[in-house]
Amino acid sequence: MLKKTKTGQPSTAEPVLAELAQDYELPRVILEQRSLAKLKSTYTDKLPLQVNANTGRIHSTFQQAVAATGRLSSTDPNLQNIPIRTAEGRRVRQAFVSAPDMLLLAADYSQVELRIMAHLSQDPGLLKAFSSAQDVHRATAADVFGVALDEVTGEQRRSAKAINFGLIYGMSAFGLANQIGVSRGEAGETIERYFEKYPGVRTYMDETQALADEKGYVETLFGRRLYLPDIHAGNGMLRKAAQRTAINAPMQGTAADIIKRAMIDIQNWLNEGSIDARMLLQVHDELVFEVSERDLPLLVDGVRFRMVSAAALDVPLVVDIGTGKNWDEAH
DNA sequence: GAGGGGAGCGCG
DNA sequence: AAAGCGCGCTCCCCTC
């Protein structure tokens with residue numbers, strides 16, 4: 001079946017061509033050309049032109065009042081979408097390097113939105129999955145498919161991961177089926193088993209919807225609101241989109257609140273002046289620093305402590321830290 | 001030549 | 001008919 005865009009043209013979007021590429025040469029070549037053209041036009045050609053003549057560095061601008069959920073956004077250039085997922089793309093990331101005798105440090109929150117869902121829903125099974133497992137997707141798979149942690153197959157883990165992410169976004173059985181390549185019926189059954197295992201999550205979703213319906217807004221753990229004017233729309237498509245936003249915004253927004261609190265705490269600490277380090281970037285669940293080799297151990301400990309202490313949830317906050325001479329190495 | 005919208009795609 | 005949240009940038013086409 002030929003996929004169409006909303007204006008009626010046949011879609012040549014990446015997922016459509018990726019499927020066609022399994023059987024045909026041409027879509028494969030088109031996708032390869034597109035991805036390389038994207039890297040060249042957006043990053044390789046442009047970033048060198050943005051280097052400031054005085055500092056020799058690229059200076060992005062962070063917008064604080066743009067994203068509806070309370071995230072920051074980055075422009076001129078956007079440094080929150082530097083490639084990382086492919087080997088070719090990572091070569092762009094490798095071009096971001098520290099000064100001589102300095103290192104880059106990247107500190108990432110691990111699964112922060114899912115941890116927030118566990119806290120907000122207070123579901124006992126999900127809380128336990130986080131307190132007991134290194135790998136929450138594996139733990140979810142063991143629960144949903146009724147097997148031991150070390151018996152989880154790769155496919156079961158992939159399915160569980162798709163569910164965990166899908167829930168955060170308000171995904172339907174149809175969306176999950178597309179994502180993991182099973183029938184809509186099978187996807188529906190998998191979701192059903194999930195909610196049997198984690199009933200508190202379903203209750204939380206239902207209560208969030210009801211609250212959005214009643215008050216016309218949802219809010220983060222810290223009380224910042226997102227109003228949803230379309231929550232009562234007559235147009236079902238608009239209404240359903242608003243309902244998905246109602247599900248997602250408290251989790252994405254709470255994550256944004258938490259990292260902002262951490263950033264303020266860390267900057268106040270750095271301002272004391274005892275550590276040779278600077279906070280350079282924020283990428284939603286990640287902070288990037290430049291630090292002298294001498295002060296690296298101090299920065300690792302201080303950043304991790306302040307990030308995990310930025311909110312007291314009923315699951316631990318976990319931060320992964322990497323370092324290197326370039327931004328790719330630091331991951 | 002400027003500005004807007006659609007399509008597509010980079011990231012979390 | 002659509003079906004998964006939040007962004008910003010490039011290319012292309014169109015209008016003024």
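We name chains A, B, ... by the order of the sequence lines, and we start the count at 1 in each one.
In this entry the distance linking CG of N81(A) with P of dG12(B) reads 9 Å, nearest Å. Atom CD1 of I30(A) and atom P of dA7(B) are 17 Å apart (whole Å). With rounding to whole Å, F62(A) atom CZ is found 14 Å from dG12(B) atom P. Atom CZ of R93(A) and atom C1' of dC11(B) are 8 Å apart (whole Å). Between E14(A) atom CD and dT10(C) atom P the separation is 20 Å, expressed in whole Å. To the nearest angstrom, P of dG12(B) lies 10 Å from OH of Y169(A). Separating the CG atom of L281(A) from the P atom of dG10(B) is a distance of 20 Å, rounded to the nearest angstrom. Protein atom NE2 of H284(A) is 10 Å distant from nucleotide atom P of dC7(C), rounded to whole Å.
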Expected output check: what is the dot-bracket annotation of DNA chain C, where ( ) and [ ] are pairs inside the strand (brackets for crossing ones), | is paired with another strand, and pairs are Watson-Crick or G-U under 3.5 Å?
....||||||||||||

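The phosphate of dG8(B) has neither OP1 nor OP2 within less than 4.0 Å of any side-chain N or O from K38(A). For dG10(B), the OP1/OP2 oxygens have no side-chain nitrogen or oxygen of R85(A) closer than 4.0 Å. Using a 4.0 Å cut-off, some side-chain N or O of S73(A) falls inside it from OP1 or OP2 of dG8(C). In terms of phosphate contacts, T12(A) brings a side-chain nitrogen or oxygen within less than 4.0 Å of OP1 or OP2 of dG8(B).
On a pure distance criterion of 3.5 Å, no polar donor-acceptor pair joins the side chain of N78(A) and the base of dG8(C). Contact of R71(A) with dG12(B) (side chain to base): a donor-acceptor pair of N or O atoms is detected under 3.5 Å.
Note on A177(A): nothing from the nucleic acid sits closer than 4.0 angstrom, heavy atoms only. When heavy atoms are screened at a 4.0 angstrom cut-off, R34(A) is found touching the sugar-phosphate backbone but no base atom. Looking at heavy-atom distances under 4.0 Å, Y43(A) makes contact with sugar-phosphate atoms alone, never a base. Among the protein residues, I168(A) comes within range of no part of the nucleic acid, since none of its heavy atoms lies under 4.0 Å from any strand. Contact annotation for N178(A): no contact, since no heavy-atom pair falls under 4.0 Å across all strands.
At distances below 3.5 Å, not a single donor-acceptor pair connects side-chain atoms of H137(A) with backbone N or O atoms of R158(A). Side chain of R93(A) to backbone of P83(A): a donor-acceptor contact under 3.5 angstrom is found.
Within the 4.5 Å cutoff, the side chain of Q111(A) has heavy atoms near those of the F130(A) side chain. Side-chain contact between D328(A) and R91(A): absent, with no pair of heavy atoms (C-beta onward) separated by less than 4.5 Å. Counting heavy atoms from C-beta outward, L47(A) and P77(A) have side chains that approach closer than 4.5 Å. Between H331(A) and I84(A), some side-chain heavy-atom pair lies under the 4.5 Å cut-off. Using a 4.5 Å heavy-atom threshold, the side chains of R157(A) and K161(A) count as touching.
Listed candidates were dC7(C), dG10(B), dC11(B). Nearest to the side chain of A68(A) is dC7(C). For A67(A), counting side-chain heavy atoms from C-beta on, the closest listed nucleotide (dG8(B), dG12(B), dG6(C)) is dG6(C).
Side chains of R225(A) and Y227(A): a donor-acceptor N/O pair is present below 3.5 angstrom, by distance only. In the model, T61(A) has no side-chain atom that pairs as donor or acceptor with a side-chain atom of T75(A) under 3.5 Å.
A gap of 24 Å separates the C1' atoms of dA3(C) and dG5(B), to the nearest Å. Comparing the P positions of dC9(B) and dA1(C) gives an interatomic distance of 25 Å, to the nearest angstrom.
Contacts between residues 235-256 of chain A and DNA chain C, defined by a heavy-atom separation below 4.0 Å, involve M237(A), R244(A), T245(A), N248(A), Q252(A), listed by number.
Taking OG1 from T208(A) and CG from L120(A), the interatomic distance works out to 7.5 Å, rounded to the nearest 0.5 Å.
By the 30° and 60° cut-offs, the orientation of the rings of F96(A) relative to W327(A) is perpendicular.
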